[in-house]
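Presented below is the structure to which this report refers.
Below, chain A is the first sequence line, B the second, and so on; all start at residue 1. As a basis for the values below, the full set of heavy atoms in this structure was taken, side chains included, without hydrogen atoms, waters or symmetry mates.
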Number of protein chains: 2
Amino acid sequence: MNVEHDTRTRILSTARELFHGRSYADVGIKEICDLAKVQKGSFYHFFPSKQDLALAVIDDMADDWAHGFVAEAFDQNLPPLERLDYMIDAAYYWQKAAKDIEGRMPGCLFGNLALEISTRDDVLRAKLNAVFDKASRRFHEALDQAVELGEIPPLDSEATAAAMLAFLEGIILLAKTRNNPEVIRDLGPAIKTLRIELAHPN
Amino acid sequence: MNVEHDTRTRILSTARELFHGRSYADVGIKEICDLAKVQKGSFYHFFPSKQDLALAVIDDMADDWAHGFVAEAFDQNLPPLERLDYMIDAAYYWQKAAKDIEGRMPGCLFGNLALEISTRDDVLRAKLNAVFDKASRRFHEALDQAVELGEIPPLDSEATAAAMLAFLEGIILLAKTRNNPEVIRDLGPAIKTLRIELAHPN
DNA sequence: CTTCATGTTGACCGACCGGTCATCTATGAA
DNA sequence: TTCATAGATGACCGGTCGGTCAACATGAAG
């Protein structure tokens with residue numbers, strides 16, 4: 001039982017690493033199998049297709065996020081606005097560590113995949129959409145709490161949350177293009193200045 | 001002379017369209033040649049490699065940008081802050097038009113390519129970097145003028161300009177993932193709220 | 001008429017792509 | 001001891017990948 005799952009897990013984590021570090025199209029199944037020390041036939045025993053593998057990889061990474069530093073960043077005990085700084089910091093240190101080890105910034109797996117395949121694969125696009133929605137909800141919640149505590153004036157918290165997520169993805173994109181994680185630290189703090197006012201009720 | 005350049009131009013515009021609508025890896029040279037009605041041998045007469053084609057495509061698109069709506073948006077006669085709105089509007093209408101025609105949002109060619117290949121190809125990454133730098137300078141200039149005119153308090157205009165570019169790329173990424181250009185119109189205006197203060201001189 | 005540069009043609013290359021399949025092995029329940 | 005099931009193996013498939021090449025067309029300069 002442990003052995004069976006081990007093969008699947010090895011495939012999953014290898015694929016995740018390769019997809020993140022390069023791209024979906026650029027990584028072949030053979031390469032994944034070789035690195036994971038799995039035979040091709042075994043691969044297709046666990047995953048019906050490359051698309052299914054991608055779906056599983058997205059789920060895997062999203063789970064790790066949700067239980068990892070995202071859970072820490074959006075800890076309910078942290079003051080709402082500090083969670084934003086925490087999130088930026090986490091992104092920075094993660095990307096910096098990756099660059100220090102491999103020499104290049106992988107960026108955000110979800111953002112990478114989204115831009116690469118969302119015009120070609122609606123299933124994967126929908127999956128990534130759901131991941132972004134969930135992330136957006138974290139920002140949303142933090143903003144609502146900040147308003148409740150009187151830390152910021154009322155605002156369109158749902159739209160602002162989406163804008164913050166977009167900004168986060170944007171600075172990671174720019175940092176990756178510059179291959180310089182410091183971009184995240186330099187621009188990131190501006191996330192707290194983003195504001196979308198509530199629409200006029202009349 | 002016109003005929004010779006015509007072949008090259010046909011390859012270039014076909015490749016640009018396909019790369020933009022799908023991705024770099026997903027579009028083969030044969031497909032480009034077929035659509036452009038060019039023989040493969042002819043292709044390699046004009047472009048030594050697929051990488052060289054990509055470089056030319058980036059240049060081509062950057063030129064069209066610079067002389068097209070970016071020139072309009074950053075028109076010196078426009079009040080600096082209105083240029084930001086103009087830029088957002090232009091992005092929105094472009095993406096909306098593309099989606100209405102083809103059913104899907106292509107996003108930003110530069111952003112797409114940046115995330116797809118900047119970990120694998122330093123030459124292309126550098127090229128895209130230069131494009132982003134140039135775009136950032138437009139924002140920078142607009143911000144400096146806005147400060148000069150007293151429209152906004154002094155700020156770190158260079159960093160804020162980069163943040164604005166990142167935000168623009170971010171909302172296009174999010175809109176593409178949602179396959180909904182309205183995201184650009186809904187979140188875009190928040191670009192004017194972005195601010196990075198000048199660092200303390202001591 | 002020859003020469004040369006610029007383009008064009010389409011067959012061809014080895015490598016790799018995602019995916020299939022028949023065959024074998026290990027395990028555990030009946 | 002038998003049998004079913006889960007998993008592992010590696011050869012194999014048609015198709016596509018980026019790229020090469022020798023032969024040929026065209027047109028202007030000498």
Side-chain angles (χ1 to χ4, degrees), chain A residues 1-58 113 116-117 119-125 127, chain B residues 1-58 112-113 116-125 127:
Chain A
M1 188 191 245
N2 211 345
V3 183
E4 310 154 14
H5 282 102
D6 185 53
T7 300
R8 208 189 108 102
T9 302
R10 241 161 44 228
I11 295 171
L12 213 47
S13 65
T14 305
R16 178 172 133 178
E17 207 170 313
L18 291 176
F19 285 160
H20 193 188
R22 305 232 293 284
S23 76
Y24 179 70
D26 194 49
V27 175
I29 284 160
K30 178 165 188 303
E31 184 180 0
I32 296 168
C33 290
D34 288 350
L35 251 88
K37 285 183 168 53
V38 165
Q39 231 57 33
K40 214 176 191 180
S42 279
F43 174 93
Y44 279 98
H45 176 74
F46 291 103
F47 301 98
S49 70
K50 195 184 183 186
Q51 189 203 50
D52 286 280
L53 171 66
L55 287 170
V57 164
I58 294 168
L113 289 176
E116 184 185 357
I117 47 186
T119 48
R120 284 170 44 208
D121 190 319
D122 254 357
V123 176
L124 287 174
R125 189 182 61 73
K127 186 75 157 182
Chain B
M1 189 192 247
N2 212 345
V3 183
E4 308 156 15
H5 283 102
D6 185 54
T7 300
R8 209 189 108 100
T9 302
R10 241 160 44 228
I11 295 171
L12 212 48
S13 64
T14 304
R16 179 171 131 178
E17 208 169 312
L18 292 177
F19 286 159
H20 193 188
R22 304 231 294 284
S23 75
Y24 179 69
D26 193 49
V27 175
I29 284 159
K30 177 163 187 302
E31 185 180 359
I32 296 169
C33 289
D34 288 350
L35 252 88
K37 273 159 175 80
V38 165
Q39 229 57 34
K40 212 174 192 183
S42 278
F43 174 94
Y44 278 97
H45 175 74
F46 290 103
F47 301 99
S49 73
K50 196 185 182 186
Q51 187 203 54
D52 285 280
L53 170 67
L55 287 169
V57 163
I58 294 167
N112 296 350
L113 290 176
E116 185 184 356
I117 47 186
S118 61
T119 47
R120 283 171 45 211
D121 190 321
D122 253 356
V123 176
L124 287 173
R125 189 183 61 73
K127 185 74 157 186

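In this structure, CZ of B:Phe43 is placed 19 Å from P of C:dA11, rounded to the nearest angstrom. The nearest whole Å value for the distance from the CD1 atom in A:Ile32 to the P atom in C:dG18 is 8 Å. Counting to the nearest Å, the P atom of D:dC17 and the CG atom of B:Leu18 are 12 Å from each other. Whole-Å rounding puts the A:Lys30 NZ to C:dT20 P distance at 18 Å. B:Arg22 places its CZ atom 13 Å from the C1' atom of D:dT16, with the value rounded to the nearest Å. Between the CG atom of B:Leu53 and the C1' atom of D:dG19 there is a distance of 14 Å, rounded to whole Å. Put simply, CZ on B:Phe47 is 18 Å from C1' on D:dT20, counting in whole angstrom units. Rounded to whole Å, the distance from CG on A:Asp6 to P on C:dA26 is 18 Å.
Heavy-atom neighbours of A:Glu17 CD from other residues, nucleotides or ligands within 6.0 Å: at or below the threshold of 12.
For A:Thr7 and D:dA8, the shortest distance from a side-chain N or O to OP1 or OP2 is below 4.0 Å. Using a 4.0 Å cut-off, some side-chain N or O of B:His45 falls inside it from OP1 or OP2 of C:dG7. Distances shown here put a side-chain N or O of A:Tyr44 below 4.0 Å from the OP1 or OP2 atom of C:dG19. Look at A:Gln39 and you'll find a side-chain N or O under 4.0 angstrom from OP1 or OP2 of D:dG10.
Judged by distance alone with a 3.5 Å cut-off, a donor-acceptor contact links the side chain of B:Lys40 to the base of D:dG19.
Mapping A:Ser42 and A:Tyr24 onto DNA chain C by nearest heavy atom places A:Tyr24 closer to the 5' end of the strand.
Side-chain N/O atoms of B:Ser49 and B:Asp52 include a donor and acceptor closer than 3.5 Å. Of the N and O atoms on the side chains of B:Asn112 and A:Glu116, not one donor lies less than 3.5 Å from an acceptor on the other residue.
Taking the charged nitrogens against the carboxylate oxygens, A:Arg125 and A:Asp121 have no contact shorter than 4.0 Å, which rules out a salt bridge.
Within 4.0 Å (heavy atoms only), A:Gly41 reaches at least one base atom of the nucleic acid.
A cation-pi contact, defined as under 6.0 Å to the ring centre and within 45° of the axis, is absent between A:Lys50 and A:Phe43.
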